[in-house]
Amino acid sequence: MTATAPAAPAPLAALLTPEAVRERCGELWALAEADGLAHFRLERRALDGAAEQVVAELRRNYPHGHVPFHSRWRHFELSGRDLWRELAAARGPDDVHARARSRFDLAIVSVLLDAGAGARWRYQDAASGITAGRSEGLALASLRLFGAGALSTAGERDPLRADATRLCALAPDDLARWMQSDAANPLPGLARRCELLRRLGDTVTARRTVFTRSGETRPGHLYDHLRGRAAAGRLPAREIVVALLVQLGDIWPAGRMLGGIRVGDVGVHPAVKRADESDGLVPFHKLTQWLAYSLIEPLEEAGIAVTEPDALTGLAEYRNGGLLVDCGVLSPRDESAFARTHAPGDTLVVEWRALTVAALDRIAARVRALLGLDAARLPLAAVLQGGTWSAGRRIAAERRAGGAPPLTVASDGTLF
């Protein structure tokens, strides 16, 4: 790793954009429309029923009409309390830019820890009395770790930060203690999550021009980098994704490496043809895009208007993908696929994820039509929140014990 991110060859650099996600997933959608995929059939008429499920979910969850973006901040809102706001009010910095850096630190660390908790693991929060599993439990655990100053070199003097030296020194046993993971309450992929945070520390240490300011090295200085790229106080949302992919791409231990460049959450499908190094590659950048959605609010709180949020795509993850299978939009050609566990790189999983991204755009359009809204009033990120993600979770809970997705993918703690 170097002080600045290495330049990627043009075909590979193009993969590090949300446009490439939408374009290449769209190619597999077109094949599905022609019934040309090896693993999935597409029933386009079922999109209307899926959209109706999402509309019902939106009305149930947000009866007053305002739907926030799908982001990590929603998972800190539990039992009618905004636990981040409570923590920041008690221990956070008052300066607007320092507060933004703190929120960046927390969002980055918390999203990296959130990659599938399984059905068994639970976090019991002594401060609030809340017990939660899955994404909410992981969020709550990460918030308490962060709030205790466990990642701050300043400790109690300045707790709400994540310094590179503390990230680099994090041990699996320490993380297990904070996540309350043990033999009776196992968190899948804990060692890989710890490795992600250590690699985050290594990466921000190596990228001094972006992440070191006034002698301090921390992920939160990405805020200053993006602030510098804003023109007249406005920043296109895609700039957040690209910055994350270029500057933090080295954190992904399982990310695909091509030409010395780690291109991250990218699958392979033989139907995606290119006459260059990107032949067969289908980017998803699921965690990166979710992190980008999660950085919009801190930027806007600091006075930077984030524009064109729909340049980002829907998220290729199992709640959104599960909604499509459970609503009959997608069905595997081989019914035994439901009974097997699939590797993240399997062609079946690549198809499922790509069709999920493409379908979410189409469902969002139908949802807006049903509600009489446009994309400005109901962006894709709000449809996800309101929305497809929670509808997918609800239907899964109704159909399967523990709310498991319809298809099982082996998670290493860095993908789902």
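Since this is a predicted model, take the numbers as computed values, not measurements.
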Do side-chain atoms of [X] reach the backbone of [Y] as a donor and acceptor pair under 3.5 angstrom?
X	Y	answer
S102	A98	no
T288	L245	no
D114	L138	no
T203	L200	no
N185	Q180	yes
N320	L315	yes
R41	D35	no
R193	L113	yes
H221	E216	yes
H285	L15	yes

Please determine whether the number of non-hydrogen atoms from other residues, nucleotides or ligands lying under 6.0 Å from atom CZ of R234 exceeds 12.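 No, because the 6.0 Å sphere around CZ of R234 holds 12 heavy atoms or fewer from other groups.
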Just to verify, what does W84 make a ring-ring contact (aromatic ring centres under 6.0 Å, His included) with, not counting sequence neighbours? W73
Between [X] and [Y], is there a side-chain N and carboxylate O pair less than 4.0 Å apart?
X	Y	result
E301	R85	yes
D346	R340	no
D374	R377	yes
E27	R24	no
R218	D105	yes
E136	R393	yes
R60	E57	yes
R238	E308	no
E19	R22	no
R101	D224	yes

Show, in sequence, the C-alpha distance, side-chain angles and deciding distance for T307 and L235, and conclude whether the side chain to side chain contact (heavy atoms under 4.5 Å, CB included) test is met. CA-CA 6 Å; T307 62; L235 181 74; over 6 Å; no
Return yes if a side-chain donor-acceptor contact under 3.5 Å exists between Q289 and T313, otherwise no. yes
Please list all pairs passing the ring pair (Phe, Tyr, Trp, His ring centres under 6.0 Å) test where one or both residues lie in residues 293-314, with sequence neighbours left out.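 Sorted pair list comes back empty.
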Taking [X] as the fixed residue, which of [options] is the one that meets the side-chain contact (heavy atoms from CB on, under 4.5 Å) rule?
X	options	value
L291	V241, L112, V111	V111
L151	D163, L145, T165	L145
T388	V367, L324, L323	L323

D310: what forms a side chain to side chain donor-acceptor pair (under 3.5 Å) with it, not counting sequence neighbours? R368
